[in-house]
Amino acid sequence: MTTAPEVQELMDRLEAEAAQQRDPETTPDVGIIMGSDSDLDVMAGAYEALEELGFAEQTDFENPPASRFTFESYVVSAHRTPELMTVYGETAADRGLDVIIAGAGGKSADLPNMTASIAYPIPVIGVPVQEKSVDSVIGMPTGAPLTAVDAGKSFNAGLSAGQIIAREHDAIEQALIEYHDSLQGGVGDVSKALHDLGIDGFRDHDE
């Protein structure tokens with residue numbers, strides 16, 4: 001099979017970046033990949049979660065943003081561009097990635113599990129973009145681990161990536177704690193308003 005020039009260019013880029021052996025503080029910590037740009041609306045939750053924790057998007061490997069913690073994203077199709085998927089997984093560690101979030105849809109959502117096999121031992125968090133993708137994403141044999149979230153829950157995948165990185169970085173751990181505390185506070189505010197205003201007053205207030 002002939003590799004399209006555009007795909008070859010991306011593969012060459014990844015291999016060149018891996019060869020640089022850059023300081024991990026300047027490389028993306030999290031990689032977000034998806035099988036198609038049509039998955040972006042679902043996968044956007046992972047971006048939002050990482051940004052909530054203080055990560056910045058890194059779009060230029062040579063010129064990282066000021067933030068210490070960053071993420072990158074690519075479209076990588078397991079079926080249409082298997083060579084690109086292979087190169088992405090094989091170069092992930094040398095490019096400084098600590099965890100990969102991989103989303104795919106359809107009944108043959110193979111990107112998360114194939115990437116997990118190639119990038120091992122880097123942890124991969126699978127996101128089934130559709131309900132019908134769940135079985136394909138989680139169907140890994142014993143000895144080939146893949147962490148996965150429920151269909152469409154890419155925000156949780158972003159939080160999980162943060163949890164993995166937080167084991168070695170106090171700043172991300174603190175960001176996770178603050179995010180969790182904000183959720184508790186929100187429940188408390190709603191509970192108080194419902195009690196104090198009653199159902200009708202609460203509904204009017206909520207509008």
Inset, instruction - Answer yes when Arg68 and Asp29 have at least one side-chain N-carboxylate O distance shorter than 4.0 Å, and no when they do not. - result: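 Judged by the 4.0 Å cut-off on N to carboxylate O distance, Arg68 and Asp29 do form a salt bridge.
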
Legend entry - Sidechain N-carboxylate O distance under 4.0 Å for Glu17, Arg22: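 No, this pair does not count.
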
Inset, instruction - Kindly determine whether Val87 and Glu83 satisfy side-chain contact (heavy atoms from CB on, under 4.5 Å), including the steps that lead there. - result: CA-CA 6 Å; Val87 170; Glu83 299 99 333; 5.5 Å; no

Does any non-hydrogen side-chain atom of [Y] lie less than 4.5 Å from one of [X]?
X	Y	answer
Ile164	Ile125	yes
Leu53	Leu159	yes
Thr27	Arg95	no
Leu84	Leu14	yes
Thr81	Tyr88	no
Asn156	Asp150	no
Ile33	Met85	no
Phe61	Pro28	yes

Legend entry - CD/Glu9: more than 12 non-hydrogen atoms of other groups inside 6.0 Å: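 For Glu9, atom CD is not crowded (no more than 12 foreign heavy atoms under 6.0 Å).
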
Inset, instruction - Assess whether atom CD of Glu168 is packed by more than 12 heavy atoms of other residues, nucleotides or ligands within 6.0 Å. - result: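 Not more than 12 within 6.0 Å, no.
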
Inset, instruction - Identify whether Phe71 and Val75 are in the same connected component of the hydrophobic contact network (ILVMFWY, side-chain heavy atoms under 4.5 Å). - result: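 Yes.
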
Inset, instruction - Indicate if Val124 and Val127 have the same hydrophobic cluster label, given that clusters are the connected sets of ILVMFWY residues with side-chain heavy-atom separations under 4.5 angstrom. - result: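 No; tracing contacts between hydrophobic side chains, which count when under 4.5 Å, never links both residues.
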
Legend entry - Main-chain N/O of Gly106 paired to Ser133 side chain as donor or acceptor, under 3.5 Å: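 Confirmed, Ser133 side chain pairs with Gly106 backbone.
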
Nearest 0.5 Å, please: how far is [atom2] in [Y] from [atom1] in [X]?
X	Y	atom1	atom2	value
Glu72	Leu97	CD	CG	5.0 Å
Lys107	Asp135	NZ	CG	10.5 Å
Ser36	Arg80	OG	CZ	5.5 Å

Legend entry - Minimum heavy-atom distance Val129-Asp39, with the two atoms named: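 Closest pair (atom of Val129, atom of Asp39, distance): CG1-OD1, 3.7 Å.
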
Inset, instruction - Classify the angle between the aromatic ring planes of Phe155 and Tyr179 as parallel (below 30°), tilted (30 to 60°) or perpendicular (above 60°). - result: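 Because their plane-to-plane angle lies in the 30° to 60° range, the rings of Phe155 and Tyr179 count as tilted.
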
Inset, instruction - Please work out whether the ring planes of Phe69 and Phe55 are parallel, tilted or perpendicular, with thresholds of 30° and 60°. - result: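 Plane angle between 30° and 60°, so tilted.
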
